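Chain letters run A, B, ... following the sequence lines, proteins first, then strands; residues in each count from 1. Note that this is a predicted model, so its numbers are computed, not measured.
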Protein chains: 2
Amino acid sequence: MLSSTEENYLKAIYKISERDNKAASTNAISKEMKTTAASVSDMLQRLSSKGLTHYEKYKGVTLTEKGNKIATALIRKHRLWEVFLVEKLDFTWDEVHELAEQLEHIQSIELVNRLDKFLGNPKFDPHGDPIPNADGIFTHRRQVELSELEIGESGALVGVQEDSSTFLQYLDKMGLKLGVELKVLEKFEFDSSVKLLVNHTEQITISNKVCKNLFLKK
Amino acid sequence: MLSSTEENYLKAIYKISERDNKAASTNAISKEMKTTAASVSDMLQRLSSKGLTHYEKYKGVTLTEKGNKIATALIRKHRLWEVFLVEKLDFTWDEVHELAEQLEHIQSIELVNRLDKFLGNPKFDPHGDPIPNADGIFTHRRQVELSELEIGESGALVGVQEDSSTFLQYLDKMGLKLGVELKVLEKFEFDSSVKLLVNHTEQITISNKVCKNLFLKK
DNA sequence: TAATAAATTTAGACTAATCTAAAAATTTAT
DNA sequence: ATAAATTTTTAGATTAGTCTAAATTTATTA
């Protein structure tokens, strides 16, 4: 069995490889995990010796099939617990991340599968991120960044890239929750901000940075 | 914040002091925690220096008010999670202890209070043990050991002393779950076993060891 | 392409939690 | 009340995970 620390490294490697589409560098991992490069270097050798990663000195790491399986299972647990916290315990979407970080380390396959069933086998978490099934298969959803839409186009908000509290609370303030219908009314070249029509009624303007963090389904 | 290990020591001290009505000895703790007396001795000094226990060398430990508060909060979490696992996820009462041992270390007061509310503020866990409220107050229930009942007396099964899987599975096999009505039909002096009438219908005989682990409400 | 900068690894040290073995204190029993 | 047994503590070692500082490798740029 792995320690929580080892599990967190696997998750970080998974996340970084996914994002950058290449081996995760020591530095990228140290930044993600808010630790030193020296600690990461140490750990990468341990993970490799356990057959969880492919590691070549100075070349970064990728997950082995075994490592990938564990990382995926962690993501599954994390997202299912987030659904539980929001749907059953009435937490808001900006409050659940830290708690899920703890809950994802609870060791019990039976528990997560029963939780899944109890929640009605949800396919997406409160931030719109897909929840892998017991075999580690993700439901894929075609989605585009809001910034890619042309004037006049519209779509439903189905996910967010960031999940920091500040960002999510900002979205709440602007009336932007998952499911709302958004139509691009205007694009300002000056700062790449965008004017939107929310649910066919309210008009708001959001920055380019926000746009890049919103996923729509056309 | 305390480590899971430190929290487990506090729980063990609580449990032992409760049971024996005196300071918990190093040996008793090492037995309870399945570790060495040397480790315990070390830890007791650490807990004391943190103001969680009153400790005098060779004299055992008791919890300070601060330590007692933490231990009680852990018990509250443990028992609430057990209720969740049984009521919501359909685990059986013999399956939940190990899982609750993990879940009780999740750090969030808000979480446990919301869980409590979600579960309808239960007062007892699946084994009949009282769940302290947010202030650490236990609901007290007058209960007697089955072995104390005289022939002809009866009562409802409201709790069990042991919570090992083997014991609980034995009870299931005998049809003994919380709530059943038990009447003492006969006591055998030879081995102190007892013949019971279960729910006014079935007759069973159980050993003295089992009797001592069953709590009834007359 | 050589020198400079950046990234990575190694070396050595620290803390928490554990262990075994030995020493010390306490309790029990003769 | 003294010897024997038991309990408890101390001493010293080990492992996981971390750190800083120094050394090494790779990447960048003049």
Checklist entry - Is the ring centre of B:Tyr14 less than 6.0 Å from the ring centre of B:Tyr9? => result no
Checklist entry - Is the ring centre of A:His97 less than 6.0 Å from the ring centre of A:His127? => result no
[X] has an atom [atom1]; how far is it from atom [atom2] of [N], in whole Å?
X	N	atom1	atom2	answer
A:Glu6	D:dT18	CD	C1'	14 Å
B:Asp42	C:dA22	CG	C1'	15 Å
A:Asn8	D:dA16	CG	C1'	15 Å
A:Glu7	D:dA16	CD	P	16 Å

Checklist entry - Going by distance alone, is a donor N or O of one side chain under 3.5 Å from an acceptor N or O of the other, for B:Gln169 and B:Thr166? => result no
Checklist outcome for this item: Protein-proximity profile, nucleotides 2-9 of chain C, B/S/- by nucleotide at the 4.0 Å heavy-atom cutoff, equals -----SBB
Would you indicate, yes or no, if [N] has its OP1 or OP2 atom less than 4.0 angstrom from a side-chain nitrogen or oxygen of [X]?
X	N	value
B:Thr36	C:dT18	no
A:Thr5	D:dA16	no
B:Tyr9	C:dA16	no

Next on the checklist: Does the structure show a Watson-Crick or G-U wobble partner for C:dA7, both distances under 3.5 Å? Name it, or say none.
Outcome noted: D:dT24
Next on the checklist: Do B:Arg79 and B:Phe124 form a cation-pi contact, if we require the NZ or CZ to be under 6.0 Å from the six-membered ring centre and within 45 degrees of the ring's axis?
Outcome noted: no
Item to check | Geometric cation-pi criterion, B:Lys88 with B:Phe118: 6.0 Å, 45° | outcome: yes
Item to check | Positive for side-chain contact (heavy atoms from CB on, under 4.5 Å) with B:Thr53, one of B:Asn68, B:Thr62, B:Leu63, B:Leu44 | outcome: B:Leu63
